[in-house]
Amino acid sequence: MAREMVTGARSVVITGASAGVGRATALAFARRGWNIALIAREAEGLEDARREVAVAGARRVITLPLDVADAAAVDAAAQQVAERFGGIDVWVNNAMVTVMSPVAEMTPEEFRRVTEVTYLGQVHGAMAALRQMRRHDQGVIVAVGSALSYRAIPLQSAYCAAKFAVRGFMDSLRCELGHDRSRIRLTMVQLPAVNTPQFEWARNRMGERAQPVPPIHQPEAVGEAIFAAAMRPKREVWLGWPTLKAILGGMAVPGLADRILADRGYSSQMTGEPLPAGRRDNLFRPVAGPHRTRGRFSSRAANRVHAIEPTLLRAAIGGAILALPALAWMAGRRSGTRNRIGG
């Protein structure tokens with residue numbers, strides 16, 4: 001672990017930090033006394049988050065209102081944070097937007113915008129973080145992913161594609177850092193459904209209020225898991241059994257998953273309630289006003305989430321696969337022995 005992280009002069013940058021998972025992650029770092037830089041578009045929401053994070057125990061907090069789609073703004077923010085805090089130990093790429101709509105009703109501008117924020121925002125953040133972290137050859141970059149980075153669902157094609165792209169980007173960057181013998185670490189945390197306000201803010205053409213696909217988890221539990229992943233960075237962490245089932249099910253029986261999602265994927269994302277009149281979305285402009293960590297589904301959300309390290313799971317599956325020929329050979333020998341005895 002980096003020297004600064006051990007001695008206590010620790011700093012973290014979190015994008016999408018004014019609400020939801022980003023805000024919950026900031027609170028998790030604040031409770032450990034970190035220096036925290038909060039990035040989001042909406043200044044009032046950021047200031048509200050800053051006050052809560054300061055009360056939670058952050059050593060120092062700064063806010064940086066910007067759009068992660070603007071690469072120059074992200075890079076300038078990283079420089080400012082490094083100057084204020086003496087470096088960057090952890091960078092958490094969390095900012096996202098989505099559109100709830102069938103592909104046939106989407107516009108090219110909507111696809112571009114989701115890509116610019118949800119995918120390129122992570123690229124811009126990683127590049128800016130690397131420019132600062134390479135000075136000391138240390139640090140951790142956390143990509144906040146989703147089960148949807150492995151198994152896409154209907155009505156969120158742009159978001160799913162962006163999360164797939166983030167995973168590919170992280171894999172390429174990891175190889176390059178390995179080639180350079182860098183001590184900078186990467187981890188990607190694949191999230192389950194989380195009770196955040198984004199379902200009230202996302203652009204929605206379905207005529208109904210959206211919901212996270214149950215089972216739902218509270219953002220505070222996810223924020224704690226992201227903090228833990230940053231402290232002990234593994235290649236990936238899968239959060240929650242629903243994430244495990246979605247990823248492995250999509251790998252094992254993708255056709256069956258397609259059929260299930262074709263049948264249930266629309267209704268599972270909708271509540272049946274009509275959209276409120278005059279509702280605004282945050283696709284191109286932030287939603288003004290105080291932001292929150294939780295959405296409106298707390299009565300149905302779990303306060304704990306299991307962290308699953310897929311490396312261990314893959315090793316177990318690989319070991320089982322490698323053992324199959326030996327087991328088949330042993331079964332054949334026993335069968336042959338029985339036949340000889342019977343003869």
Side-chain angles (χ1 to χ4, degrees), residues 11-27 29-30 34-54 58 60-99 109-110 112-133 139-144 158-159 162-163 165-166 169 196-198 201-203 223 226 280-293:
S11 62
V12 59
V13 179
I14 302 168
T15 71
S18 63
V21 168
R23 187 162 176 159
T25 302
L27 289 168
F29 280 91
W34 282 58
N35 298 321
I36 301 174
L38 306 173
I39 291 177
R41 290 177 293 171
E42 211 277 313
E44 184 179 350
L46 268 182
E47 177 58 23
D48 186 59
R50 186 200 65 78
R51 289 191 292 266
E52 185 176 13
V53 167
R60 287 183 290 172
V61 190
I62 62 173
T63 60
L64 299 156
L66 62 89
D67 188 335
V68 295
D70 184 341
V74 175
D75 190 55
Q79 293 181 49
Q80 183 178 341
V81 173
E83 290 169 2
R84 290 281 297 273
F85 294 158
I88 298 172
D89 296 302
V90 175
W91 186 292
V92 180
N93 279 316
N94 168 73
M96 54 75 65
V97 291
T98 189
V99 178
E109 292 74 22
E110 289 170 338
R112 184 178 300 112
R113 178 60 180 163
V114 174
T115 302
E116 286 173 345
V117 175
T118 307
Y119 168 53
L120 289 179
Q122 295 231 18
V123 174
H124 298 159
M127 293 176 71
L130 285 169
R131 276 189 277 272
Q132 303 304 322
M133 292 177 177
V140 178
I141 299 173
V142 181
V144 176
Y159 177 83
K163 290 297 188 183
V166 170
F169 168 74
T196 74
Q198 66 125 330
W201 297 337
R203 180 161 292 191
I226 291 171
R280 294 181 55 206
D281 68 65
N282 71 343
L283 185 61
F284 291 99
R285 289 170 294 279
V287 175
H291 289 198
R292 309 182 309 279
T293 301

Q) Which pair of heavy atoms, one from Pro197 and one from Ala19, lies closest together, and at what distance? A) CG-CB, 4.4 Å
Q: Report yes if some heavy atom in the side chain of Ile226 is under 4.5 Å from a heavy atom in the side chain of Val21; otherwise report no.
A: yes
Q: Could you name each residue pair satisfying salt bridge (charged side-chain N to carboxylate O under 4.0 Å, His left out) that touches residues 12-24, not counting sequence neighbours?
A: Arg23-Asp48, Arg23-Glu52
Q: With rounding to the nearest 0.5 Å, note down the distance linking CZ in Arg41 to CG in Leu46.
A: 11.0 Å
Q.
Ignoring hydrogens, what is the shortest heavy-atom contact between Val97 and Val117? Give both atom names and the distance.
A. CG2-CB, 3.8 Å
Q: Name the orientation class of the two ring planes belonging to His291 and Trp201 (parallel below 30°, tilted from 30 to 60°, perpendicular beyond 60°).
A: tilted
Q.
A side-chain contact here means heavy atoms from C-beta on lying under 4.5 Å apart; do Ile141 and Met133 qualify?
A. yes
Q: Identify the two heavy atoms, one from Ile14 and one from Gly22, that lie closest to each other, and give their separation to 0.1 Å.
A: CG2-O, 3.7 Å
Q: Mind jotting down which residue pairs meet the side-chain hydrogen bond (donor to acceptor under 3.5 Å, both in side chains) criterion with at least one end in residues 63-87? Sequence neighbours excluded, please.
A: Asp67-Arg113, Asp75-Gln79, Asp75-Arg131
Q: Answer yes or no: is there a donor N or O on one side and an acceptor on the other, between the side chain of Gln122 and the main chain of Lys163, under 3.5 Å?
A: no
Q.
For a 4.5 angstrom cut-off between non-hydrogen side-chain atoms, does Leu27 reach Val53?
A. yes
Q. Can you name the side-chain contact (heavy atoms from CB on, under 4.5 Å) partners of Ala77, sequence neighbours left out?
A. Ile39, Leu64, Leu66
Q: Count the heavy atoms belonging to other residues, nucleotides or ligands that lie under 6.0 Å from CZ of Arg285, then report whether that count exceeds 12.
A: no
**Q.** Closest approach of Ala40 to Ala17 (non-hydrogen atoms, all atoms of both residues)
**A.** CB-N, 4.1 Å
Q.
Tell me if a side-chain donor or acceptor on Thr15 pairs with a main-chain N or O of Ala95 at a distance below 3.5 Å.
A. yes
Q) Does a side-chain heavy-atom distance below 4.5 Å link Glu42 with Val287? A) no
**Q.** Beyond-backbone contact of Leu283 with Val99, side-chain heavy atoms, under 4.5 angstrom
**A.** yes
Q: Mind listing the closest non-hydrogen atom pair of Ala26 and Leu38 along with its distance?
A: CB-CD2, 3.7 Å
(Q) Using side-chain heavy atoms (C-beta onward) and a distance below 4.5 Å, is Glu116 in contact with His124? (A) no
(Q) A side-chain contact here means heavy atoms from C-beta on lying under 4.5 Å apart; do Val166 and Met96 qualify? (A) no
Q) Of the non-hydrogen atoms in Ala128 and Trp91, which two are nearest, and what is the gap between them? A) CB-CH2, 4.3 Å
Q: Look only at the side chain of Asn94 and the backbone of Gly16, and say whether a donor-acceptor pair between them is shorter than 3.5 Å.
A: yes
Q) Would you say Asp89 and Val12 make side-chain contact, with heavy atoms under 4.5 Å? A) no
Q) Can you tell me how far the CD1 atom of Ile36 sits from the CZ atom of Phe85, to the nearest 0.5 Å? A) 8.0 Å
